[in-house]
Amino acid sequence: MWRPPLRALRVGFRAAPSPGSFTFISSSRPACCGSSGKTWTRPTGFDTGLKTFNSLTKQKEPLILARDGVATWYSCGPTVYDHAHLGHACSYVRFDILQRILSRLFGVTVIHAMVITDIDDKIIKRSWEENVSAAAVARLYEDEFKKDMLSLKVTPPAAYLRVTENVHHIIAFIEGIISNGHAYATKEGDVYFDLQSIGDRYGHFVGAVNVQGEVGGSEKRDPRDFALWKRSRPQEPFWDSPWGRGRPGWHIECSTIASCVFGRQLDIHSGGIDLAFPHHENEIAQSEAFHQCDQWANYFLHSGHLHLKGSPEKMSKSLKNYITIKDFLQSYSADEFRMFCLLVKYRSAIDYSDSSMSEARISLETITTFVHNAEAYMKGQLQCLPVQDELLWERLAETKAAVVKSLADDFDTPRAVSAIMNLVYHGNCQLQPVSTCPEAVRRPAVFGAMVAFIRDILDVFGISLLHTEASTESSSGNLHTIVEQLNHFRSEVRTFALARQDDSTSGAPNRRALYPERMPLLKACDALRDDLAPLGVLIKDRGATSTWEIRLKQRKGSTQEDSSS
């Protein structure tokens, strides 16, 4: 596929420190270092040539990775106690698009790990309500989540890691934090992070001085201190630990598991903006306290909320204003949802409505129609006026540059899509069909290049213009042959019906008219075309020739394009 020129620059590495007393999976990454407090230190390593908005600095920063062409990426996964909804989907699809851009357009290998929170207060409550084990609830909704992600074409991470399978690592991580003087155990069997021990280093995402802390036991030293380990209560799942039976707190799981996979430093951490505080804030405090470093994760990327149009509240289960992914996919396709996400910057809030989905659908249909028309022109099936191919070659080069520039600037997908739609507009201007035209030199090469570029870029975004489900593949060959033969027969009948004769009654011997007795044949051809359209076979008459395409019915209000000729 087409790739832009890479301008990545190696700017040197720092030496790795000697290992500490506690070691997870070994890592040769540079040491976490920086100035005191909350000052962000620009990493050294491999400059990708991109800039991204870093929530740690609240501005765009050059994206520099520790290793040449490799990005370590950790994201917070779901708490699996219920079906995933469209708000979850929006965040996961947006970050999937970003990862695809990094890997497929800029040649960066993304190593992505995600945690599955399979033990939590909400899971326990659900298990009590349904009179089943917490593990059964978690496995059910974990499987549903993974299926939903596949249906949205989200690339699975390199590793899904469950909290329950890493409790021994979490206990060891907590012990390390206590040993470093940043956490304490209570007589009741809870363990809390000691915020006073890190001074002014807390509050990367908000001013956290007067932030109300978590609800907890009476033995907390500071109301803001948060739980690393929770003592066991009646009828709750538990694990044995040095502090008694209990289970992990929420925040500690991500710090531990990210460290298990990536070691003492991380390139990119992502999640919804609602996770920035306190979840990501507490992750930073825990991780830097354990690793005794000044900068654990170099970049935090946060996606904006999904809102139902007209509502100031984000889509959430607690507000009961959500749409499940399964219900959504009854009306729209995964590609339409991806286009919906592309039309707004990933870190901006996004309004969901029928009109916004209609905009996404129309954008996709506009692109698809151009591709079909361009292919018809390349096959000689579309007659049009002489093409100004030099103008189109120039527009294509400008579009390629504009797309790369936009995506290198904090993954600006709306600007990139706008450039693609502008290219489609100029292509359509050259493909206006005419019934007859003088013989002219055809210029199909430029349309081949335009179609190839558009397909490649949409593939980067996870959108395919060739949607063929496995269930139709076995019969698709026969179906295509039948439609091709039908269209060929209809074209021959239509050509016969369109033949003209001299009109001696008009007084103009050079003027030719249709044969009246053949008009019923022409009407029958039109009726066949109109009757086939609701069945998904679209025939387009282009002067004396006709082209066809199949759009198999996929979902309510949506179609699935299969093939064309």
Side-chain angles (χ1 to χ4, degrees), residues 358 361-362 364-387 424 427-440 442 444 447 451 465-468 472 475-506 508 510-565:
S358 177
R361 176 175 288 174
I362 290 170
L364 273 181
E365 289 177 347
T366 300
I367 295 172
T368 301
T369 300
F370 165 72
V371 169
H372 287 318
N373 290 344
E375 289 175 339
Y377 176 81
M378 287 187 280
K379 294 175 183 177
Q381 298 171 336
L382 175 60
Q383 298 181 41
C384 54
L385 296 174
V387 170
V424 168
N428 282 331
C429 288
Q430 300 290 324
L431 289 177
Q432 297 301 317
V434 294
S435 297
T436 59
C437 67
E439 288 295 328
R442 299 179 66 256
F447 288 104
V451 168
L465 295 181
L466 294 175
H467 307 277
T468 305
T472 65
S475 60
S476 62
N478 291 334
L479 177 61
H480 300 164
T481 301
I482 292 170
V483 174
E484 178 62 35
Q485 292 297 324
L486 177 63
N487 184 64
H488 178 71
F489 175 77
R490 178 182 176 276
S491 294
E492 288 191 340
V493 173
R494 189 167 174 273
T495 299
F496 177 75
L498 288 171
R500 295 178 180 271
Q501 61 177 338
D502 290 335
D503 186 357
S504 57
T505 63
S506 67
N510 293 328
R511 185 176 180 182
R512 299 172 63 83
L514 298 175
Y515 290 96
E517 64 272 17
R518 300 182 186 180
M519 289 301 293
L521 292 176
L522 193 59
K523 291 181 179 179
C525 288
D526 291 345
L528 176 61
R529 177 198 61 205
D530 296 341
D531 290 344
L532 289 175
L535 303 177
V537 178
L538 306 182
I539 296 177
K540 297 181 181 179
D541 294 321
R542 306 178 185 279
T545 62
S546 300
T547 62
W548 60 269
E549 63 182 276
I550 297 175
R551 294 193 178 184
L552 298 178
K553 287 294 180 182
Q554 184 183 30
R555 300 174 179 88
K556 179 183 175 182
S558 180
T559 58
Q560 178 183 4
E561 295 163 32
D562 185 21
S563 185
S564 64
S565 179

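Quick note: residue numbers are just sequence positions, from 1. Values reported hereafter were calculated over all heavy atoms of this structure, with side chains retained and with hydrogens, waters and symmetry mates removed.
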ask   = Would you call Asp541 and Arg490 a side-chain contact if the rule is heavy atoms closer than 4.5 Å?
value = yes

query = Can you check whether Phe496 reaches Tyr515 side chain to side chain, under 4.5 Å on heavy atoms?
reply = no

request  = Answer yes or no: is there a side-chain heavy-atom contact under 4.5 Å between Trp548 and Leu532?
outcome  = no

ask   = Do you know which two heavy atoms are closest between Ile539 and Ser546, and how far apart they sit?
value = CG2-CB, 4.2 Å

task = Kindly give the heavy-atom pair with the smallest separation between Arg518 and Ala499, and that separation in Å.
result = NH1-CB, 3.4 Å

query = Looking at CG of Leu521 and OG1 of Thr495, how far apart are the two atoms once the value is rounded to the nearest 0.5 Å?
reply = 11.5 Å

note = Shortest non-hydrogen pair, Val387 vs Cys384, comes out as CG2-SG, 4.3 Å

task = Check whether the side chains of Glu492 and His488 place a donor and an acceptor atom closer than 3.5 Å, and report yes or no.
result = yes

task = Decide side-chain contact (heavy atoms from CB on, under 4.5 Å) for Asn373 and Phe447; before the verdict, give the C-alpha distance in whole Å, the side-chain angles of both, and the deciding distance to 0.1 Å.
result = CA-CA 10 Å; Asn373 290 344; Phe447 288 104; over 6 Å; no

Test: Lys523 and Asp526 ion pair at under 4.0 Å = no

inquiry  = For Leu522 versus Leu514, what's the shortest heavy-atom pair and its separation?
reply    = CD2-CD1, 4.5 Å

message = Can you tell me how far apart CZ (Arg494) and CZ (Phe489) are? Round to the nearest 0.5 Å.
response = 14.5 Å

ask   = Hey, does Thr369 have a side-chain heavy atom less than 4.5 Å from the side chain of Lys540?
value = yes

query = Between Leu486, Asn487, Val493, which is the residue that forms a side chain to side chain contact (heavy atoms under 4.5 Å, CB included) with Leu528?
reply = Leu486

